[in-house]
Amino acid sequence: MPVGPAEISTIHLNLRNTGFRMRTSQYLIATLRETPADAEVISHQLMLRAGLIRKLASGMYTWLPAGLRVLHKVTAIVREEMNRSGALEVSMPVVQSAELWQESGRWDKMGPELLRFVDRHERPFCLGPTHEEVITDLIRNEFNSYKQLPANFYQIQMKFRDERRPRFGIMRAREFLMKDAYSFHINQTSLEQTYQLMYQTYSNIFSRLGLDFRAVLADTGNIGGSTSHEFHVLADSGEDDIVFNSTGSYSANIELADGFIRDLDDGSADMLQSREIDTAQAHTIEALTSLLELPATRLIKTLIVKAVQSDTNPHGLMALVLRGDQELNDIKAEKLSGIVSPLTFASDDEIENVIGCKPGCLGPNNLDFPVVVDRSAEKMRNFICGANKSSTHLADANWGKDCRFDMVADIRKVKEGDLSPDGQGDLLIKRGIEVGHIFQLGTKYSQAMNASVLDENGRSVLMTMGCYGIGVSRIVAAAIEQNNDANGIIWPDAIAPFQVAIIPLNAHKSPRVTEISEQLMTDLEKAGFEVLLDDRDKKTSPGVKFADMELMGIPHRIVVSDRGLENNELEYKSRRAENAETVPLASVLEFLRARIAT
RNA sequence: CGGAGUGUAGCUCAGUCCGGUAGAGCACCGCCUUCGGGAGGCGGGGGUCGGAGGUUCGAAUCCUCUCACUCCGACCA
């Protein structure tokens, strides 16, 4: 249908009036029928297929119009809630000079993840992967008095991290949109108050986004500090294991999750006399359990890892001992003093040189380096362990008699079904996608960069800091991971690129269908809904329109057809519903108002 | 950074082993028909086969080098 000058000016007027007025014929519907070969996870596949993003290079993506609308919606919710919490928005440079990073010490500490380059004067710069240095520099210059505290500053901005391995599309991109906030305090108590406020703000944000999420206790990692929580969107494709109990009173990242084993040996049995047994080729726990016809809970697993070399530990090794059915948590193990970080297993050759046998028959007996035993094995009696001799194990071995340890620690990965550490119910484990992380930083950066204010006694005090991040672009991918079906994306109302799709059928034949569709779009937009009218010409069959709108995940669909209009009816279908329903033309507005959260 | 793999049309792929001068489906353009679930017919446009070098009368195909991308491991929003 040719568009004359009069119609064009009408369209422009409407654009100005409503701000929306989107028609597929004038929009970029960049849907793909087939899945691009280089996308592996569902969110990446669907973002490409639905025409939300296109790849420029590894880990770098262009956001197409529909995708950008989603990203903006997420951004708007994050911004509103941050503002509501009293945080102040700023915008810091993406390009940062090396000096600040040298001052904090991170110029040398950060690996190639920090993308460095020089300007035309050969002065070193980097692309900001995070902004602790810049904000701390700003605040040490602007703040002089405790009266200015506490304060919380945030920005929503592209970050760049030259990831070792970008993957999963937007989920782990090198360039990504992040909300980062930094708070400044006169003392720990004040920090804890703001930390609580951010915890609540994050909960509000993820609730408003319409996502199923959990806040979990987290490892503070290299950033240090005392307390940290991660916010995870639950999805089977998540990269993290998160642990929580049935009552909701405990939740933690598996990296530091605690739990009690129910069938723990209480150490009350009488000690038997140990004896050597021939275990031939059985070198694994699994092989031993079937050979000896004993459960793995009767065995002990001994792992040899690298430790710091010293006079008292000339081999530079350490033994980590767990009950046979348990697995090592390497994050916990790395925190043991004297251990080499990152955790490194000793090679077969090293083990043979020092102990005299290959892995498979190792045990905590006669070892001349430190032995750390997990609580799961601490009280075991009459257990099976390696004899440090080829093809030989010790049966009915006991601590104190046959074996020794230097220290008891929690180095085990909790398992589903363990008793919650607070005693409330069983532990469950689910996969999560980390979309937010809050930290109590303490004075790490204020100390390195000498950021202080005067307290009420006129004494100079280092500011205590907190930092709070949200992966804004990652949320888009995470939302898809959590909400999709065979036909494509299913957006929560709050972040859908459009809330309502109007599909006119046979519009080219029916002036009435065209007229009602146009009128409906106008009315819905006046009512505050965001509408996409699929007015593509007759060469685009209804099936294509249905498929595209579903792929793009538009949560509410109205079909306008002659058949329905005979009875003054429209057809409505929720993206989540199995079947469509009819709605009287006259009441469609109330109908949608009742179903769409705005 | 180690390990594995893939680069041929906008997308999905065949052709490569065995050298003979580039294909299919979808998408796109035109005309006709069709019109409530990715329509049909006829006609058409589009690729220096990732790049460079080599072998050969002749290279998408064989050899060497290179670049890019994806996946698996340790980090992070």
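Chain identifiers are assigned alphabetically (A, B, ...) following the order of the sequence lines, protein sequences preceding nucleic acid strands; residue numbering begins at 1 within each chain.
If A:Gly469 and A:Gly59 are placed on RNA chain B by their nearest nucleotide, the residue sitting closer to the 5' end is A:Gly59. For A:Pro166 and A:Asn506, each mapped to the nucleotide of RNA chain B holding its nearest heavy atom, the one lying further toward the 5' end belongs to A:Asn506.
Using a 4.0 Å cut-off between charged side-chain N and carboxylate O, A:Glu175 and A:Lys159 make no salt bridge. Ionic pairing of A:Asp212 and A:Arg214 is present here: one or more N-O contacts between side-chain nitrogen and carboxylate oxygen are shorter than 4.0 angstrom.
Remark: A:Glu350 pairs with A:Lys306, A:Ser347 by the side-chain hydrogen bond (donor to acceptor under 3.5 Å, both in side chains) rule, at least two apart or across chains. By the side-chain contact (heavy atoms from CB on, under 4.5 Å) test, A:Arg79 pairs with A:Thr75, A:Asn83, A:Glu89, A:Tyr154, A:Ile156, sequence neighbours left out. Legend: residues meeting side-chain hydrogen bond (donor to acceptor under 3.5 Å, both in side chains) with A:Asp241, ordered by chain and number and at least two apart, are A:Arg431. Partners of A:Lys335 under the side-chain contact (heavy atoms from CB on, under 4.5 Å) rule, at least two apart in sequence or in another chain, are A:Asp219, A:Ile331. Under the side-chain hydrogen bond (donor to acceptor under 3.5 Å, both in side chains) criterion, A:Glu334 pairs with A:Ser341, not counting sequence neighbours. Qualifying side-chain contact (heavy atoms from CB on, under 4.5 Å) partners for A:Glu571, counting only residues two or more places apart in sequence or in other chains: A:Arg557, A:Val559, A:Ala580. In this structure A:Glu133 satisfies the salt bridge (Lys or Arg N to Asp or Glu O under 4.0 Å) test together with A:Arg106, sequence neighbours excluded.
Residues of residues 558-565 of chain A that place a heavy atom closer than 4.0 Å to RNA chain B, in numerical order, are A:Val559, A:Ser561, A:Arg563. Of the residues in residues 46-58 of chain A, A:Arg49, A:Lys55, A:Ala57, A:Ser58 come within less than 4.0 Å of RNA chain B through at least one heavy atom, sorted by number.
Note on A:Glu255: nothing from the nucleic acid sits closer than 4.0 angstrom, heavy atoms only. Note on A:Asp330: nothing from the nucleic acid sits closer than 4.0 angstrom, heavy atoms only. Using a 4.0 Å heavy-atom cutoff across all strands shown, A:Met171 reaches at least one base atom of the nucleic acid. Residue contacts shown for A:Glu230 are absent, as no nucleic acid heavy atom lies under 4.0 Å away. Within the nucleic acid shown, A:Val435 comes within 4.0 Å of sugar-phosphate atoms alone, with no base atom in reach, counting heavy atoms only. Residue contacts for A:Arg557: at a heavy-atom cut-off of 4.0 Å it reaches a base atom on one of the strands shown.
B:C35 and B:C49 have their C1' atoms separated by 40 Å, given to the nearest Å.
Atom C1' of nucleotide B:A77 and atom CD1 of A:Ile433 are separated by 12 Å, given to the nearest angstrom.
Screening residues 329-349 of chain A for ring pair (Phe, Tyr, Trp, His ring centres under 6.0 Å) gives no qualifying pairs among residues at least two apart or on separate chains. Residue pairs meeting the side-chain hydrogen bond (donor to acceptor under 3.5 Å, both in side chains) criterion with at least one partner in residues 59-68 of chain A, sequence neighbours excluded, are A:His44-A:Tyr61.
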Produce a footprint string for nucleotides 11-16 of chain B: one letter per nucleotide, 5' end first; B if the base is under 4.0 Å from any protein heavy atom, S if only the sugar-phosphate is, - if neither.
-> BSS---
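Taking 4.0 angstrom as the limit, A:Arg172 places none of its side-chain polar atoms (N or O) nearer than this to OP1 or OP2 of B:C71. Within the 4.0 Å cut-off from OP1 or OP2 of B:C1, not a single side-chain nitrogen or oxygen of A:Arg165 is found. Under 4.0 angstrom from either OP1 or OP2 of B:A39 there lies at least one side-chain N or O belonging to A:Ser541.
Counting heavy-atom neighbours within 6.0 Å of A:Asp236 CG, excluding the residue itself, gives a total of 12 or less.
Across all strands shown, B:C76 remains unpaired; no Watson-Crick or G-U wobble contact has both distances below 3.5 Å.
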